[in-house]
Q: 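Shown below is the structure under consideration.
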Amino acid sequence: MHGGMTLATKTALLTLAAILGAVGIAPASSQQPRDPQKYTRLLIPFHESVAAVAGVWNVNWWVHNDGDTPADAFPLAVGGGLPQSPGPDGPRVFILGNPAIGPHGTPHGTYGDVLPAYPSAPFVPVVTTGTGAFLYAESARLAQLVVGGSLQFNNGPATALHAIPETSFAIGTRSILPIPLLTGWRYALRIYALPETAGNPRVTVRIYDMQALSLDNDEPLIATIQTSLVMPSSRVRPCFEPCDVPGGPFAPASLQLFDLARRDPSAFFSTLRLEIEPQSPDLRWWAVVSATDNVSEAVTLYELERSAQPDRR
């Protein structure tokens, strides 16, 4: 694809071939072309590790096939414990071919190039100027795939992450609740939308106090934020041949709001409800609020109901 192979590249490919054989992934000769129309998009809301001043926010995603037949997902990449081979557009990755996951298999790479080696999670090799990425999963095999993730700062407490099927994206006004507002925690809101529905990206976010003392059960409005989702640029990282990655959107329209709420030190307690109202009735979206302890960096996630089905008006 990009000229002759170096010894390191050949070694990396041989290592990866051994890994793929061990987890039951089909060899390249049996791969079939991918038709995106036969796949369901899964939102991976935090799809890559991020360096911070005091450490690293580590993100890991695992994909397992519970079924007796192979299943496919793309773009899904594994590493072989060796430095990635350079290419004209950046380091190349090994993207799993079709089918990516063998029966009862869990694709993985390895940490290190000596024994004993430790399994490393596969990753979604998408570079984006926004937040989040799409993993395409074979619709006919979606029920047999288990996708789970984790988020942790350095080696601190881990928070479970969930992949969100596009069928769980909402239409219309929805709320996220309850969100305890605690001293010493910081709050951020992330909203994601299917890009083809984001022609009008305007949304209004309203923050209500759910536990205010009131005789008529009113929830005082704390703040109103009018903002817009942005459609980021995105691409799949350069990959080794064979590299069957059909064209398509690999990142959602998205926005992030930080410093979402600050607890008044004089307040006794406060629990929030976030109401999200798209200006367009066609926008299909999903959202999550992250609450992070400023001391331990432990994260709690408050998600839009994942089983919400779009309004079929």
Side-chain angles (χ1 to χ4, degrees), residues 1-29 31 33-34 36 39 41-44 46-51 56-64 71-102 105-113 117-138 147 149-150 163 232-251:
M1 176 175 169
H2 295 290
M5 290 187 183
T6 65
L7 177 60
T9 300
K10 292 180 180 178
T11 303
L13 290 176
L14 288 173
T15 302
L16 286 167
I19 293 169
L20 301 184
V23 298
I25 297 173
S29 60
Q31 291 176 8
R34 287 163 165 150
Y39 289 74
R41 286 172 294 185
L42 304 179
L43 169 67
I44 307 298
F46 303 85
H47 79 288
E48 61 182 355
S49 298
V50 178
V56 177
W57 286 100
N58 294 300
V59 174
N60 288 294
W61 286 94
W62 293 89
V63 183
H64 176 76
D72 191 39
F74 76 88
L76 194 61
V78 296
L82 295 172
Q84 295 175 345
S85 176
D89 299 317
R92 286 177 284 170
V93 298
F94 189 96
I95 293 179
L96 302 180
N98 182 14
I101 313 162
T106 307
H108 61 270
T110 58
Y111 287 117
D113 55 357
Y118 301 94
S120 62
F123 58 97
V124 179
V126 171
V127 179
T128 173
T129 57
T131 178
F134 287 129
L135 177 68
Y136 287 70
E138 188 179 3
V147 183
S150 64
S233 61
S234 65
R235 62 178 175 87
V236 176
R237 295 186 191 182
C239 48
F240 293 105
E241 295 287 1
C243 186
D244 178 20
V245 182
F250 289 102

Q: So which atom in Tyr39 and which in Glu138 form the shortest heavy-atom distance, rounded to 0.1 Å?
A: CD2-N, 3.4 Å
Q: Taking all non-hydrogen atoms of both residues, which atom of Pro249 and which atom of Tyr136 are closest, and how far apart?
A: O-OH, 2.7 Å
Q: Do you know which two heavy atoms are closest between Trp61 and Phe46, and how far apart they sit?
A: NE1-O, 2.7 Å
Q: How far apart are the closest heavy atoms of Ala251 and Gly132, and which atoms are they?
A: CB-O, 3.9 Å
Q: On a heavy-atom basis, which atom in Asp244 and which in Pro33 lie closest, and how many Å separate them?
A: OD2-CA, 3.5 Å
Q: With the side chain counted from C-beta on, respond yes when Arg92 and Cys239 share a heavy-atom pair under 4.5 Å apart, and no when they do not.
A: no
Q: Can you tell me how far apart CZ (Phe250) and CZ (Phe74) are? Round to the nearest 0.5 Å.
A: 5.5 Å
Q: About how many Å separate OG1 of Thr131 and CD1 of Ile44, when rounded to the nearest 0.5 Å?
A: 12.0 Å
Q: Mind checking whether Trp62 and His108 have parallel, tilted or perpendicular rings, split at 30° and 60°?
A: tilted
Q: Using atom types as modelled and distance alone, determine if a side-chain donor or acceptor of Thr106 lies under 3.5 Å from a backbone N or O of His64.
A: no
Q: Is the backbone of Ala77 close enough, under 3.5 Å, to the side chain of Arg237 for a donor and an acceptor to pair up by distance?
A: no
Q: Given 3.5 Å as the limit, does a donor-acceptor pair link the side chain of His47 with the main chain of Val126, or not?
A: yes
Q: Say you draw a straight line from SG of Cys243 to CG of Leu96; how long is it, rounded to the nearest 0.5 Å?
A: 11.0 Å
Q: Rounded at 0.5 Å granularity, tell me how far CG in Leu135 sits from CG in Leu43.
A: 10.5 Å
Q: So, for Ala73 and Ala100, which heavy atoms are closest and what is the spacing to 0.1 Å?
A: O-CB, 3.5 Å
Q: Which distance, rounded to the nearest 0.5 Å, do you find between the CG of Asp72 and the CD1 of Ile101?
A: 7.5 Å
Q: Quick one: pull up CG in Asn60 and CD in Glu48 and give me the separation to the nearest 0.5 Å.
A: 13.0 Å
Q: Determine, stepwise, if the pair Leu76 / Ile95 fulfils side-chain contact (heavy atoms from CB on, under 4.5 Å).
A: CA-CA 6 Å; Leu76 194 61; Ile95 293 179; 5.8 Å; no
Q: Can you check whether Ser233's main-chain N or O pairs, donor with acceptor, with Thr129's side chain at less than 3.5 Å?
A: yes
Q: Is the closest side-chain heavy-atom distance between Val59 and Phe123 below 4.5 Å?
A: no
